[in-house]
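What follows is a set of notes on a single structure, which appears directly below.
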Amino acid sequence: MKEIKALVHRHPDKLTIETMEARNKGYFAEIPVVTYCHGRNKVNDMSKFRILLSFGQHGRELITTELALRILLILSEEQLLPHMDRASLSNTLDKLVIKVVPMENLNGRRLVEDGDLCERRNGRGVDLNRNWSVDWGKKEKDYNPYEENPGFAPFSEPETQMMRKLALTFDPHIWVNVHSGMEALFMPYDHKNTTPDSQIAQQMKLLLEELNTLHCHQRCMIGSGGGSVGYLAHGTATDFMFDKARIPMAFTFEIYGYEAASPKDCFRMFNPTDPTTFNRVLGDWSAAFFTIFKLGPEYVDKTELRLRDNLDKLVSIDDYLEGYLIERSSRYGKKREVFELGMQEMRTYFRLFLLSSVLLMFMFCSRLSKKKFRPLVSAISL
């Protein structure tokens, strides 16, 4: 993070950084967000193609944050990709606004650096990639609370609250959640063994196949997370981004895994330990992301008509409650207003309302029954 902050300081014409902060029940979290855009006055230019990237959601996957740093170095032009000249790079990037979350789970990362090398959860034991609202809380037969604790409710964690807010305000065209543990290019869905049946999904798969050929050397698994990994994951970020935030293309990338490692040797399982492999992983995957930067607008443009139809649909009450009180412009210029309401507080108030309604109804029915019962007793007595 010190290197990233120094990098931003050296390139104020291209990079800016902000720190989001949130607190819940005494637990505090912060998330750094780096924005790339030519000219700081254009950072919020919603006419550009927008990409949101998140790294380090699981603390033990340290290689992912190294990739974030490498991408930012290339964006600032302190490093260059092989076989790409500055003019070509500049032409590609001039049309984009890119937001990078280099370390989503700062509190979990601190636990790893303090010696708990297998920790994937946040600072209070919640898996941030199980804390989102799509199919939240469902537990499979092999559920492991140490690995997959979803929290006490959707968006109970400050980290997921901040990421939801960032996604909905930025309104990206492409979202990528970067992990390690294997080599894979995943699209929705994680919570079921299927991919979306739509033109958008077809374009996503075509883009992933191209990335697999160009940069993954056909090693990467492609498909839905739920259908490819061998287990279903409920309450994931990518499923929310696709289903609720309506991001046209939502992906989960797995950039490295050492299957021969012992289950107790998490550092070797999730992170390369020799310089050659380390540099290969960063080289291959940074190149893959710049291919997305170049080709992404072309693939998303082909789904424009379908997206326009989706935006005309009514927004469900769940979508409203899972949002927040802002007015944002959709990628087609239409306005949508959603509410920022603490989901836990809303659920609490709703339960209290239901309980009070039931009690009032019970009291009302009791009074009615007493009034009807008294004349009957009197008649019997006579």
Side-chain angles (χ1 to χ4, degrees), residues 16-18 20 22 31-55 93-101 104 132-134 155 159-178 187-188 196 198-201 203-204 207 236-252 289 292-293 295-316 318-341:
T16 58
I17 188 169
E18 62 176 319
M20 303 179 71
I31 291 179
V33 183
V34 180
T35 301
Y36 169 85
C37 185
H38 277 301
R40 293 184 62 176
N41 61 325
K42 296 181 181 178
V43 167
N44 293 319
D45 186 353
M46 297 300 283
S47 66
K48 289 180 177 280
F49 191 87
R50 299 176 299 282
I51 298 175
L52 177 58
L53 311 176
S54 178
F55 304 81
L93 298 178
D94 191 50
K95 306 177 183 69
L96 308 178
V97 177
I98 304 167
K99 285 190 181 291
V100 176
V101 177
E104 181 182 330
W132 298 73
S133 61
V134 174
F155 301 112
E159 294 93 340
T160 50
Q161 294 169 14
M162 288 185 284
M163 288 301 300
R164 175 186 61 184
K165 183 174 183 178
L166 175 61
L168 293 177
T169 53
F170 184 48
D171 194 21
H173 299 86
I174 293 179
W175 148 270
V176 186
N177 194 11
V178 184
M187 56 190 287
S198 64
Q199 181 184 354
I200 300 171
Q203 295 301 315
M204 281 194 283
L207 178 57
T236 68
T238 294
D239 282 0
F240 175 88
M241 296 300 185
F242 186 76
D243 258 7
K244 299 294 185 181
R246 301 288 186 179
I247 296 174
M249 291 192 172
F251 301 116
T252 301
F289 274 96
I292 290 177
F293 299 161
L295 300 181
E298 299 177 14
Y299 278 91
V300 172
D301 185 59
K302 296 175 182 178
T303 68
E304 182 174 346
L305 293 177
R306 179 62 177 267
L307 288 171
R308 195 187 303 272
D309 292 339
N310 284 343
L311 289 172
D312 288 334
K313 295 179 180 178
L314 293 175
V315 180
S316 72
D318 287 338
D319 290 338
Y320 268 75
L321 292 178
E322 286 167 359
Y324 48 92
L325 188 57
I326 61 166
E327 187 180 75
R328 67 188 181 109
S329 296
S330 75
R331 55 186 61 88
Y332 295 111
K334 294 186 178 180
K335 300 285 186 179
R336 291 166 108 192
E337 186 179 88
V338 288
F339 296 96
E340 175 162 39
L341 298 169

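On a predicted model such as this, the values are computed, not experimentally measured, just so you know.
Test F240, W175, F170 against I247 for side chain to side chain contact (heavy atoms under 4.5 Å, CB included) and you get one pass: W175. When each of T236, T238, N177 is tested with T252 by the rule side-chain hydrogen bond (donor to acceptor under 3.5 Å, both in side chains), just one qualifies, namely T238.
To the nearest 0.5 angstrom, I51 atom CD1 is 5.0 Å from L96 atom CG. The CG atom of L295 lies 11.5 Å from the CD atom of Q203; values are rounded to the nearest 0.5 Å. One distance of note links CZ of F293 with CZ of F49; it measures 10.5 Å at 0.5 Å rounding. Note that CE of M204 is 10.5 Å distant from CD1 of I174, once rounded to the nearest 0.5 Å. Taking OG1 of T35 as the reference point, atom NZ of K99 lies at 2.5 Å (rounded to 0.5 Å). Annotation: the span from I200 atom CD1 to R246 atom CZ amounts to 9.0 Å, rounded to 0.5 Å.
In this structure the side chain of P172 never reaches within 4.5 angstrom of the side chain of M241, judged on heavy atoms. Within the 4.5 Å cutoff, side-chain heavy atoms of W132 are placed close to those of M163. Between P297 and K95, every side-chain heavy-atom pair lies at or beyond the 4.5 Å cut-off.
Nearest heavy-atom pair across I31 and E159 is CD1-O, 3.6 Å. Taking each heavy atom of V33 and M20 in turn, the nearest pair found is CG2-SD, 3.9 Å. Across all non-hydrogen atoms, the minimal contact from P188 to P196 is O-CD, 3.2 Å. Here the closest heavy-atom approach between residue F242 and residue P248 is recorded as CE1-O, 3.6 Å.
Shown here are the side-chain hydrogen bond (donor to acceptor under 3.5 Å, both in side chains) partners of D239, two or more places apart in sequence or in another chain: H191. Every residue two or more places apart in sequence or in another chain that forms a ring pair (Phe, Tyr, Trp, His ring centres under 6.0 Å) with F289 is listed here: F253.
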Give the intermediate values and the outcome of side-chain contact (heavy atoms from CB on, under 4.5 Å) for residues V178 and L53.
CA-CA 8 Å; V178 184; L53 311 176; 5.6 Å; no
